[in-house]
Amino acid sequence: MLKNNFIYKIISYDLKKNKYKEIITRFPPEPNGFLHIGHVKSICINFGIIKYFNGKCILRLDDTNPKTEKKIYVNKIKKDIKWLGFKWYKKEKYSSDYFEIYYNYAIELIKKNLAYVDELSLEKIKKYRGNLKIHGKNSPFRNRNIYENLYIFNKMKQGFFKEGTKCLRAKINMKSNNIILRDPILYRIKKNKHFKTKNKWKIYPTYDFSQCIADSIEKITHSICTLEFQNNKILYNWILNNISVNHIPKQYEFSRLNITNTLTSKRKIKKLIKKKIINNWDDPRLLTISGMRNRGYTPKSIKNFCYSLGISKQESNINISILEDFLRKELNNKSKRIMAVINPIKIKINNLNKEIKIKIPNHPQKKEMGEREIILHSKIYIDKKDFNEKKKNKLFLGRIVKLRYAGLIKAEKIIKDKNKNIIYIECKYMNYIYKKKKQKINIIHWVSEKNSFKTKFKLFDYLFKCKNPNKEKNFISKINKKSLIIKKGLIEKYAKKAKKNQVFQFEREGYFKININIKNNKKKITFNHIVSLKK
RNA sequence: UGGGGUAUAGCCAAGAGGUAAGGCAUCGGGUUUUGAUCCCGCUAUUCCCAGGUUCGAAUCCUGGUACCCCUGCCA
């Protein structure tokens with residue numbers, strides 16, 4: 001619920017007090033990777049909350065570091081937000097749109113003697129900064145005069161110096177208890193080509209310097225971000241209070257979304273791709289937006305999940321099964337049912353000499369989804385999981401199971417080869433007799449030889465078996481090696497009528513998406529696992 | 001005694017001095033030829049701990065404890 005949280009209350013209050021005419025939020029991803037489920041929460045908050053207030057939400061690509069940012073990511077980010085069904089205000093913005101403005105504000109700070117060019121090496125800056133317990137100490141360059149600062153900063157801009165040799169720092173307080181305030185870096189030299197401004201700039205503003213100014217320029221009223229920026233808020237305000245801006249947005253923080261059995265860190269995802277553990281950012285096992293799209297998630301199921309979560313400052317780790325519940329809920333209503341046998345084992349029904357045609361519904365609760373015909377005859381397949389000596393409700397010698405929509409079969413003989421592998425099981429067909437007292441006979445799904453075709457199933461499992469791979473030192477070692485399994489099995493012929501990307505519920509198994517590939521005029525059909533049914 | 005945050009059920013989460021909302025999960029029951037779906041019902045004498053103020057405290061005060069973030073020229 002998007003209303004029952006502290007941010008909604010703050011906005012309502014501000015509006016009531018006539019603080020703002022219009023509410024403007026923003027979503028500012030860095031184009032250095034694909035968007036994931038964590039971003040979706042932020043998107044849902046920023047784009048979602050303004051709908052209650054008739055406000056605007058701006059999409060701003062935060063491109064202040066040309067070392068890691070790429071045009072391709074911008075396109076993917078835009079595509080993913082659109083796919084979710086959100087529209088940003090007018091054309092998307094870029095932090096780089098304001099490079100000239102940032103630069104002028106930097107000059108203003110220098111002129112006010114609130115910023116200086118430091119020439120300490122990276123190592124020295126680190127040393128001088130001190131640590132959690134020990135205060136920092138001033139750089140020897142801290143007190144150079146304004147004209148010299150102006151002169152060198154201009155030279156930096158023109159590209160006279162190497163990366164890491166000089167940077168612009170705010171003159172705040174090296175003895176501050178908040179390390180963020182120990183003369184934070186405002187500008188650094190980067191020689192990479194920027195995907196948007198090309199080679200025009202040799203110096204780039206840091207997050208702390210650019211974010212607050214961009215927010216101010218865009219007249220953002222509520223700048224909503226995640227908890228890790230709480231320490232930076234004081235700097236955000238310091239900068240805006242010391243330059244000549246006429247609008248100061250307010251920053252509010254919420255706790256980021258963590259989900260069990262998966263990773264969302266861009267750095268770690270990049271490592272998985274590099275190690276070829278996953279194919280790419282859009283691997284169906286990943287909770288990136290594109291990965292979920294490939295997997296078969298619908299925008300609505302993802303959004304409903306995010307809306308169901310609260311917005312607070314408490315750390316959380318949401319079980320991935322809750323996300324899956326929202327998916328199942330939607331798929332359940334719109335998917336036709338079908339029977340598919342993923343691990344086939346052959347059954348010979350000895351006393352069945354004819355073909356029995358059976359009309360069955362495509363959805364047990366929705367007649368409008370129509371019906372189809374299946375054929376029962378002497379050669380059928382069931383799943384190996386349903387043939388089990390130890391579990392009493394499964395098929396085994398002497399035991400009876402119910403074939404879904406057909407009759408009962410009783411296992412009579414197991415036929416094995418020399419190596420003791422089962423070739424087939426001989427069964428006896430029996431008519432279904434209704435008894436007053438409910439008999440707990442297990443219903444199993446099946447497929448007949450004449451009414452099915454062979455196909456491949458791609459089965460996905462969690463990328464990590466452990467609940468919190470983010471906490472693992474060596475997360476690579478915790479990878480679930482069986483997160484992708486390909487099985488050869490059988491499915492009803494009815495599947496051949498399916499459209500591209502159609503989703504079926506395989507009875508008693510789960511939801512699967514059809515892949516249709518046409519090679520040399522031949523249709524090749526396979527299926528991708530989306531999510532299993534509840535056990 | 002570095003600074004900034006957070007503690008309410010298994011997981012989320014409302015609550016702001018008047019006697020613990022809601023959702024999901026679990027559990028119990030019903031419908032069902034999917035152990036699915038759907039429907040109904042139950043689930044905190046207590047809010048991290050210990051004191052204190054008050055007729056009355058999850059809410060106020062005092063003192064503790066646990067966890068998260070900050071020592072990038074990343075964001």
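Across all strands, A:L120 comes closer than 4.0 Å to base atoms (heavy-atom distances). Within 4.0 Å of A:K126, counting heavy atoms only, lie sugar-phosphate atoms of the nucleic acid but no base atom. A:T64 comes within contact range of the sugar-phosphate backbone alone, with a heavy-atom separation under 4.0 Å but no base atom that close. A:I125 comes within contact range of at least one nucleobase, with a heavy-atom separation under 4.0 Å. Base contact: A:P364 has a heavy atom under 4.0 Å from a base atom.
Of the side-chain N and O atoms in A:T206, none sit less than 4.0 angstrom from OP1 or OP2 of B:rC73. Phosphate contact (OP1/OP2 of B:rG72, side-chain N/O of A:R129, threshold under 4.0 Å): present. Distances shown here put every side-chain N or O of A:R182 at or beyond 4.0 Å from the OP1 or OP2 atom of B:rG72. Taking 4.0 angstrom as the limit, A:Q314 places none of its side-chain polar atoms (N or O) nearer than this to OP1 or OP2 of B:rG5. The side chain of A:K133 places no N or O atom within less than 4.0 Å of a non-bridging phosphate oxygen (OP1 or OP2) of B:rU1. Phosphate contact (OP1/OP2 of B:rG5, side-chain N/O of A:Q230, threshold under 4.0 Å): absent.
For A:F141, there are no ring-ring contact (aromatic ring centres under 6.0 Å, His included) partners, not counting sequence neighbours. Contacts of A:F27 classified as ring-ring contact (aromatic ring centres under 6.0 Å, His included), with partners at least two apart in sequence or in another chain: none.
Put simply, the side chain of A:K467 reaches to within 4.5 Å of the side chain of A:N319, judged on heavy atoms.
Against the 90° criterion about 0, the sugar-base torsion of B:rG22 places it in the anti range.
For a distance-only test at 3.5 Å, the side chain of A:Q365 qualifies as a donor-acceptor partner of the base of B:rA36.
One C1' atom belongs to B:rG51, the other to B:rU65, and the distance between them is 15 Å to the nearest Å. Rounded to whole Å, the C1' atom of B:rG22 lies 36 Å from the corresponding atom of B:rG3. Comparing the C1' positions of B:rG23 and B:rU43 gives an interatomic distance of 14 Å, to the nearest angstrom. Only the P atoms considered, B:rU53 is 15 Å distant from B:rU59, to the nearest whole Å.
Ring centroid separation for the pair A:Y187 and A:Y204 does not come in under the 6.0 Å cut-off. Checked against a 6.0 Å centroid threshold, the rings of A:F512 and A:F506 count as neighbours.
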Can you name the atoms? Protein N/O to nucleotides 64-70 of chain B N/O, anything below 3.5 Å, with the distance.
unit_1 : atom_1 : unit_2 : atom_2 : d
B:rC68 : O4'    : A:E315 : OE2    : 3.4
B:rC68 : O2'    : A:E315 : OE2    : 3.1
B:rC69 : O2     : A:N231 : ND2    : 3.3
B:rC70 : O4'    : A:N231 : ND2    : 3.2

Might you list the N or O atoms of the protein lying below 3.5 Å from N or O atoms in nucleotides 24-28 of chain B, with each pair's distance?
unit_1 : atom_1 : unit_2 : atom_2 : d
B:rA25 : OP1    : A:K534 : NZ     : 2.9

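Side-chain atoms of A:N343 and A:K487 form a donor-acceptor pair, as typed in the model, at a separation below 3.5 Å. Looking at A:R26 and A:N46, their side chains never bring a donor and an acceptor atom within 3.5 Å of each other. Side-chain N/O atoms of A:D118 and A:S139 include a donor and acceptor closer than 3.5 Å.
Closest to the A:D62 side chain, of the nucleotides B:rA75, B:rU34, B:rG5, is B:rA75.
Toward the 5' end of RNA chain B, the nearer of the two residues A:N317 and A:R328, judged by each one's closest nucleotide, is A:N317.
Within residues 29-40 of chain A, the residues that have a heavy atom under 4.0 Å from RNA chain B are, in order of number, A:E30.
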message: Give the dot-bracket line for RNA chain B from 5' end to 3' end: parentheses for intra-strand Watson-Crick or G-U pairs under 3.5 Å, square brackets for crossings, | for inter-strand pairing, dots for unpaired.
response: .(((((((.[[[..)..(...]]]..((((.......))))......[[[[[..)....]]]]])))))).....
